[in-house]
Protein chains: 2
Amino acid sequence: MVRAGLNAERLTQAGAELADEVGFDQVTVSALARRFDVKVASLYSHLKNSDDLKTRIALLALDELAEQGAAALAGRAGKDALTAFANVYRDYAREHPGRYAAAQLRLDPETAAASAGVKHARMMRAILRGYDLTEPDQTHAVRMLGSVFHGYVSLEMGGGFSHSAPDSQESWSRVLDALDALLRNWPAP
Amino acid sequence: MVRAGLNAERLTQAGAELADEVGFDQVTVSALARRFDVKVASLYSHLKNSDDLKTRIALLALDELAEQGAAALAGRAGKDALTAFANVYRDYAREHPGRYAAAQLRLDPETAAASAGVKHARMMRAILRGYDLTEPDQTHAVRMLGSVFHGYVSLEMGGGFSHSAPDSQESWSRVLDALDALLRNWPAP
DNA sequence: GCATTTGCCTAATACCTTTAGGCAAATTAC
DNA sequence: GTAATTTGCCTAAAGGTATTAGGCAAATGC
């Protein structure tokens with residue numbers, strides 16, 4: 001009996017691909033076993049359980065997203081940085097819808113603290129260095145940026161902006177213009 | 001054998017309550033049957049299937065949300081309307097997390113077109129009447145409002161803003177201030 | 001009151017999750 | 001290079017959810 005060469009990393013990677021193909025909520029230990037042509041029980045030597053698999057996929061997605069975000073920010077500042085970073089989010093979600101959904105999985109606090117989610121927050125703050133914001137406005141602005149990025153991408157992926165003019169790409173550009181204008185002119189309390 | 005008096009409405013209502021208690025993704029036909037103390041198969045006379053149940057809960061939530069939104073908008077304009085409407089979203093999500101999650105369910109186009117989601121779009125446009133925006137900027141702004149409302153609420157519910165200062169309520173107020181300022185000063189292309 | 005409809009039931013199939021225990025392949029120790 | 005050990009995948013089994021088919025009793029209509 002030839003061994004399949006399973007391990008947590010390969011399973012996570014394949015799980016991420018599966019998620020992009022059929023949706024994150026359709027990722028099951030069974031489907032993953034089929035993909036490797038092994039019996040379901042075999043996966044339990046490498047994964048604690050179904051939740052473990054999902055968490056690993058989420059962490060993978062957060063990692064990739066942070067990596068791409070960092071690459072986009074390198075050498076950029078101000079609106080240029082804002083736009084580049086925002087596009088990383090949107091493009092990642094479009095190219096990897098399952099992984100993006102995974103990245104939204106609620107993690108328990110310790111896992112979250114050890115995840116790349118922390119980097120995301122730091123990068124948002126790095127973007128704001130190009131604008132003239134001090135605490136606590138900086139935090140408010142970080143939260144707003146996160147809300148707009150995530151909100152727009154998730155509504156767009158849910159089909160909320162299709163079937164109506166103007167097309168979503170144009171709104172996205174204008175929303176980023178608006179965010180830039182807002183950050184340059186953040187209102188006093 | 002005494003009949004339980006099931007019907008689609010009661011099941012949907014109970015499903016919504018169940019969603020708020022245990023989370024929308026934990027709403028199952030089985031759990032609902034347990035709640036009514038009947039056998040699972042009995043529910044299939046009233047519901048097409050599990051997806052039908054979830055869709056009905058989603059439509060219920062969209063309806064309630066639209067109703068509350070309309071009540072909040074009555075007699076208000078400008079920033080007052082913006083704030084009241086935004087708070088309806090946030091409060092509803094906090095009081096009814098399961099229903100709010102349900103409202104995010106992706107509906108097939110015909111169902112979506114017949115849902116209260118249409119009212120939501122109209123109400124957003126009504127809010128913008130208090131600002132000086134013409135098409136296509138009005139559409140861009142509607143999409144941005146939706147993104148911020150949904151994005152903020154969903155990040156907040158995911159625990160993204162807990163465990164860090166300043167508290168989320170303050171950010172929410174300042175984000176709404178910022179949105180108001182932005183709408184009063186929407187940048188030209 | 002009887003016929004019909006309706007509502008809930010039992011039974012059965014199928015899929016997903018998870019645990020326990022077994023055997024063979026790979027690795028390590030000598 | 002072989003023996004001992006570890007590791008990896010398997011079979012088996014139990015429990016949960018979804019869904020369909022067919023049956024009997026309660027409610028409804030006339």
Side-chain angles (χ1 to χ4, degrees), chain A residues 1-60 97-99 101-102 105-108 111, chain B residues 1-60 98-99 101-102 104-108 111:
Chain A
M1 191 171 304
V2 178
R3 296 193 178 182
L6 306 180
N7 59 51
E9 287 87 316
R10 286 190 64 192
L11 289 173
T12 305
Q13 187 68 40
E17 287 160 17
L18 184 60
D20 288 337
E21 290 165 23
V22 302
F24 183 56
D25 43 339
Q26 302 300 315
V27 172
T28 74
V29 182
S30 297
L32 202 52
R34 274 193 295 276
R35 173 163 293 221
F36 280 95
D37 207 31
V38 297
K39 299 295 165 180
V40 190
S42 306
L43 301 201
Y44 283 83
S45 317
H46 308 282
L47 306 168
K48 276 224 315 274
N49 51 38
S50 180
D51 222 61
D52 183 32
L53 170 63
K54 286 177 184 151
T55 300
R56 284 172 190 271
I57 297 173
L59 293 175
L60 170 70
R99 284 154 149 106
L105 184 69
R106 186 169 189 162
L107 304 172
D108 57 287
T111 310
Chain B
M1 190 170 301
V2 178
R3 296 193 178 182
L6 306 181
N7 58 53
E9 287 87 315
R10 287 191 62 192
L11 289 172
T12 305
Q13 188 66 41
E17 286 160 19
L18 184 60
D20 288 336
E21 289 165 22
V22 303
F24 183 56
D25 43 338
Q26 303 299 315
V27 172
T28 75
V29 182
S30 298
L32 201 53
R34 272 194 296 277
R35 174 163 294 223
F36 280 96
D37 207 31
V38 297
K39 299 294 166 181
V40 190
S42 306
L43 301 202
Y44 283 84
S45 319
H46 307 282
L47 305 169
K48 276 225 314 276
N49 51 38
S50 180
D51 222 62
D52 183 32
L53 170 63
K54 285 178 184 150
T55 300
R56 284 170 189 272
I57 298 173
L59 293 175
L60 171 70
R99 284 153 148 107
Q104 254 56 60
L105 184 69
R106 185 170 191 161
L107 303 172
D108 57 288
T111 310

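A, B, ... follow the sequence lines: proteins, then strands. Residue 1 opens every chain.
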Once you round it to whole Å, what is the distance between [atom2] of [N] and [atom1] of [X]?
X	N	atom1	atom2	result
B/Arg10	C/dC8	CZ	C1'	14 Å
A/Phe36	D/dC10	CZ	C1'	17 Å
B/Lys39	C/dT10	NZ	P	5 Å
B/Leu43	C/dT10	CG	P	14 Å
B/Asp37	C/dG7	CG	P	19 Å
A/Leu6	D/dG8	CG	P	9 Å
A/Leu47	D/dT7	CG	P	17 Å

Check this one for me: any side-chain N or O of A/His46 less than 4.0 Å away from OP1 or OP2 of D/dT7?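 Checking D/dT7 against A/His46, no side-chain N or O comes under 4.0 Å of OP1 or OP2.
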Quick one: is D/dC10 close enough that its OP1 or OP2 comes under 4.0 Å of any side-chain N or O from A/Ser42? yes
For nucleotides 15-23 of chain D, read 5' to 3', which letter fits each nucleotide if B means a protein heavy atom sits under 4.0 Å from the base, S means only the sugar-phosphate is that close, and - means neither? --SSBBB--
Mind checking whether [X] and [Y] have side chains closer than 4.5 Å, heavy atoms only?
X	Y	result
A/Arg10	A/Asn7	yes
A/Glu17	A/Gln13	yes
B/Phe36	B/Leu43	no

One pair to check against side-chain contact (heavy atoms from CB on, under 4.5 Å): B/Leu107 and B/Leu59. What are the steps and the verdict? CA-CA 9 Å; B/Leu107 303 172; B/Leu59 293 175; 4.0 Å; yes
Kindly determine whether A/Thr55 and A/Leu105 satisfy side-chain contact (heavy atoms from CB on, under 4.5 Å), including the steps that lead there. CA-CA 7 Å; A/Thr55 300; A/Leu105 184 69; 4.2 Å; yes
Restricting to salt bridge (Lys or Arg N to Asp or Glu O under 4.0 Å), what partner residues turn up for A/Asp52, sequence neighbours left out? A/Arg56
